[in-house]
Each structure stands twice: as structure tokens, then as C-alpha cells.
Amino acid sequence: MPRPVVGICAGLERARWGPWDDVASLNPLAYARAVQAAGALAVQLPPDDHAEDEPEPWLELLDGLLVPGGDDIDPAAYGAEPHPKTYAGFPERDRFELALCRAAVERDLPVLGICRGFELLNVALGGTLEQHLPDRLDGDLHRQVPGTFQGEHDVRLEPGSLAARAAGAERITVKSHHHQGADCLGEGLVAVGWAVPDDLVEAIELPGKQFVLGVLWHPEVQEGSRVVGSFVEASKQRAATSRQATGARA
């Protein structure tokens, strides 16, 4: 059977390479490598405002959607004023990812949100974000060394949840790099993972769907993590079902 196709939403960043200094569509290579190692084809999806009105052409190409980390989401997307520590990047990225995420959930396409992707999933379904966790929490457990994944902490997962099945355990050690988190959860989402020791919600999922999961940590950089592989396995199942349906119609 052909490998499933996983779309990875791409960030926009000012970048320099060789003699060039320009806005680039990019992601850390770890996302694609984790998807490829799990047996899927990884394709990068740069923002496109056409998706706001008609996201289906993108989703027709995919068996799974991965929404990765990156800049903060513009608080206007969830009706809030920006915090002084909020760094919103390119609004076209927000619009693109929100449109794809909502449509992917609607059609029951497997969705994995990582870090910003966790936050994006929550906002896409009507939730809100806490914009700067150190204002409330004691210290900065979740982004100990900015620009690195040196900090680690444990996460406890709800027994029997999709998150626990995807991770293969009910308590795991994770690497994180974020200063925001969920405030009010979006429609239908349930909290199924909490940081140790501060109980910050670190995993959310949407019951009734094949695979809709958001995690605040970064499984793509963690050797031995099963989360991306579990998502790719759901994408394989989706691909097989879709091809069987296509064959039956033919």
C-alpha cells in the first residue's frame, strides 16, 4: 500500500541563507523526519488565503494534518487583546491553519497539533488561550531555556484516553518550549494530560473522532516518543479506508 500523505503546515519567517535575506516558508526538519520515520510522506503546506473560503482542495490531497509549533496566535483570533509578551507572527498563517484545522476536524481527518498546534486546535474550535503562563505559574517550567529543548518535565495522561494510547503510557517525560496554554477549551475538546507538578493542561482531544489530538510538548524531537507514530498509523488507516471507498465507487 502507498504511504499515507501527511501535510505539515509551514511557518513564515524572515530567514537568511547564502546571499539571501527574505521571508521564507519553513519548519524545523524534525517534523518531517518524524513523519517519514513513521512511514508517511511529508509535504509542507505554506499559507494560502484561498483556504479560508475553500479548504477542501488541500485536504483532498492528505491522509493526515500536522499543525506544528511556531509564533503565538494573534489574540484577535479568539477575541482578546494582546499581552505584552505575546509575539504574533504572520496573520496569514493563522488564517490558513484555522481554516484547514476546522475543515479537517469536520471531515474526520487525523489531526495532530504540537505546541502552537495544540493552541491552534483549541482556538479553531472556539477556545481561548492564556497568553503568558509565567504570570500565573511559579517560574517558567515550560520554557526553561528559550531556543532549546533542554528543559524536561513529566506529564500524566488520562487512562484510556487517545493521548495515553498514542504515547503508550499514562505518565511520560516530555520536552517543551512554550509560554502559552489553553484557557477555555474549544467545543467538544476535553483535557486528558496535565503537567507535573503544576497541572497545566498539556493534552487535549476530541472524542468521537478518529484521531484529533493536541499536545503542548514536542514529541518530534524526543527519541522513543510514540505520539507522531500513532498519528501516522491513524493516517494510514484513513488512507486505506479512503482508497477502499474510491475502489468501491469505481
Is it the case that [X] and [Y] place a side-chain donor and acceptor less than 3.5 Å from each other?
X	Y	answer
E220	H218	yes
T86	D72	no
H83	E130	no

Distance from [X] atom [atom1] to [Y] atom [atom2], nearest 0.5 Å?
X	Y	atom1	atom2	result
C115	L216	SG	CG	6.0 Å
R165	F211	CZ	CZ	9.0 Å
E97	E119	CD	CD	11.0 Å
I114	F231	CD1	CZ	8.5 Å
S161	I204	OG	CD1	12.5 Å
D63	R238	CG	CZ	8.0 Å

| Is a side-chain donor or acceptor of T128 paired with a backbone partner of C184 at a separation under 3.5 angstrom? |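 Flag set: sc T128 to bb C184 pair under 3.5 Å.
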| request: Apply side chain to side chain donor-acceptor pair (under 3.5 Å) to the pair H153 and D198, showing each step before the final yes or no. | output: CA-CA 10 Å; H153 63 275; D198 60 24; over 6 Å; no
| query | Below 4.0 angstrom, N of the basic side chain to O of the carboxylate: do R102 and E52 qualify? | reply |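 Result for this pair is no, no salt bridge flagged.
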| field | Flag if over 12 foreign heavy atoms under 6.0 Å of CZ, R14 | value |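 Yes - once you tally the heavy atoms of other residues, nucleotides and ligands closer than 6.0 Å, there are more than 12.
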| query | CD of E106: more than 12 outside heavy atoms within 6.0 angstrom? | reply | no
| request: With the side chain counted from C-beta on, respond yes when Q131 and I73 share a heavy-atom pair under 4.5 Å apart, and no when they do not. | output: no
